[in-house]
Amino acid sequence: MELSLDVSEKPFSLEHTLRCGQVFGWRQRGEWWVGVVNNQPVAVLANGNVVKVRCEHASMSDEVFNYFGLGDNLESILTSVAKDPLIVEAARQWYGLRICRQNPWECLATYLCSIDSNISKIELCLSRLRQRFGRRLLLGDEELFTFPTADALSKASEADLTACALGFRTRYIMQASRRVASGEIILEEVSKLSYSEAIQVLIGDEKGTKNLLGVGPKVADCVLLFSMGKLEAVPLDVWMRRLVARSYRHLFEAEQYGRLLRRLEEGTITLRGYRIVSEAMRRYFGPYAGYAQEYLFQHIRYLKGSVADARKNT
DNA sequence: GAGCGC
DNA sequence: GCTCT
């Protein structure tokens, strides 16, 4: 069936939303995008004031609405983060980009795979996981695969997982899938917590036992922002750290932060440093700092650099 | 701060 | 990007 979503008065760029690197597993077919939402195949097309959805069940219009964050009041969000010319320009260029609400398990697995990787490599790893452990779906003659459940991955043999060539991330996926499958960690419950409670659960207590192997503050922030609607989460990857060091250093003028600023541009940053920077960004941009992050991230990735450059690191 | 695995 | 030493 084909459904129509009314998005008049709702700025929405499907292109920007799907191309910004927050979600994986979508492909373009002409002017349509095909992918999987809530384990069901969909094709989506944004056309002015309507979003067209080809799918199998009528409930998909609500699911697509939720998935693409169409409930967010983007205009007021962008107004609220418009603190300086840089973010205003980023918002102008990437206008319509929305933060998705992906499935939390898929998002967690995705960002475990993203560690020290790049978009095309991540895409490859995830498609291998889908093909090997997901369920095959058809939408017309488009073949799609659901993202494998934690349960399916927890039962995978080590050899099967190794065949997906995740490298050192294999054990992160194995451990996380087991903890989620066993119910030891219930991501839907985590998503009900406040941002600060939820990030604590995901990264574990400092110095204490880690909750989820491979989940540090960056991975946790991505999961919180891209799947749990914690719009104040500010994932700090190399691009954002460089940007902060160059364009937002005034937020760290105090002398004690000299060392932190230097490390932001170069390499390793401590958990403490990460917290200081992301909290400063939250204080500066407010409760929608995650939206600010995503627009700035896109802006600098594509700024006078080729797409190839932009795809280098995560 | 090196090493991880592809 | 995270873990481990």
Side-chain angles (χ1 to χ4, degrees), chain A residues 20-24 104 106-133 153 156-180 185 190 198-227 230 233-245 259-279 281 290 293-294 296-297 300-301 310-314:
Chain A
C20 73
Q22 59 173 324
V23 289
F24 296 83
E106 177 175 350
C107 192
L108 172 58
T110 295
Y111 285 94
L112 283 172
C113 289
S114 81
I115 296 173
D116 194 35
S117 190
N118 58 61
I119 289 180
S120 42
K121 264 180 71 180
I122 299 166
E123 208 90 72
L124 259 171
C125 289
L126 294 173
S127 69
R128 286 192 284 252
L129 285 175
R130 285 172 180 275
Q131 289 187 29
R132 208 167 266 261
F133 305 108
L153 287 177
S157 72
E158 196 164 347
D160 271 349
L161 261 181
T162 304
C164 294
L166 309 181
F168 60 84
R169 303 159 198 86
T170 302
R171 69 184 190 115
Y172 299 165
I173 294 288
M174 284 181 59
Q175 201 232 36
S177 66
R178 284 174 189 161
R179 294 198 142 163
V180 170
I185 289 174
V190 176
I199 194 166
Q200 208 56 251
V201 171
L202 291 177
I203 70 180
D205 296 324
E206 14 222 304
K207 302 255 153 95
T209 45
K210 289 268 334 173
N211 227 339
L212 288 161
L213 209 53
V215 179
K218 158 62 167 63
V219 169
D221 270 336
C222 288
V223 173
L224 290 164
L225 180 61
F226 301 137
S227 75
K230 304 298 178 206
V234 181
L236 293 174
D237 74 325
V238 272
W239 292 92
M240 280 308 292
R241 292 183 353 213
R242 215 175 295 150
L243 176 87
V244 170
R259 203 172 59 117
L260 175 58
L261 278 169
R262 254 171 283 124
R263 292 202 165 184
L264 272 181
E265 287 228 61
E266 281 142 42
T268 56
I269 178 174
T270 62
L271 175 59
R272 199 179 107 80
Y274 188 101
R275 283 220 175 102
I276 290 168
V277 175
S278 63
E279 269 160 28
M281 297 297 273
Q293 182 275 351
E294 205 48 30
L296 288 170
F297 177 68
I300 49 170
R301 279 170 84 223
R311 285 174 169 260
K312 238 177 196 165
N313 290 304
T314 53

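What's counted below: heavy atoms across the whole structure, side chains too, no hydrogens, waters or symmetry copies. Below, chain A is the first sequence line, B the second, and so on; all start at residue 1. In this text, all values refer to a predicted model and were calculated from it rather than measured experimentally.
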Starting at NZ of A:Lys121 and ending at C1' of C:dG1, how long is that distance when rounded to a whole Å? 12 Å
Distance, rounded to the nearest Å, where A:Ile173 contributes CD1 and B:dC6 contributes P: 15 Å
Atom CZ of A:Arg169 and atom P of B:dG3 are separated, to the nearest Å, by 17 Å
How close or far is atom C1' of B:dG1 from atom CZ of A:Arg262, stated in whole angstroms? 17 Å
Distance check, rounded to the nearest 0.5 Å: A:Leu112 atom CG versus A:Ser177 atom OG? 10.0 Å
Side chains of A:Leu271 and A:Ile203: closer than 4.5 Å at any heavy-atom pair? yes
Side-chain atoms of A:Val238 come closest, of B:dG1, B:dC6, C:dG1, to C:dG1
Rounded to the nearest Å, what distance is computed from the CG atom of residue A:Asn118 to the C1' atom of nucleotide B:dC6? 11 Å
CZ of A:Phe24 to CD of A:Glu106, rounded to nearest 0.5 Å, is 10.5 Å
Hey, could you give me the CG/CG distance between A:Asp221 and A:Asp237, rounded to the nearest 0.5 Å? 11.0 Å
Could you tell me the separation between the CZ atom of A:Phe168 and the P atom of B:dG5, rounded to a whole number of Å? 8 Å
Expressed in angstrom and rounded to an integer, what is the separation of A:Asp116 atom CG from B:dG1 atom C1'? 14 Å
Report each atom pair, protein N/O against N/O of nucleotides 3-5 of chain C, whose distance is under 3.5 angstrom.
from  : atom 1 : to       : atom 2 : distance (Å)
C:dT3 : OP1    : A:Gly214 : N      : 2.8

Of all the heavy-atom pairs spanning A:Ile115 and A:Val219, show the shortest one and how long it is. CG1-CG2, 3.9 Å
Enter the distance from A:Gln22:CD to A:Tyr111:OH here, rounded to the nearest 0.5 Å. 6.5 Å
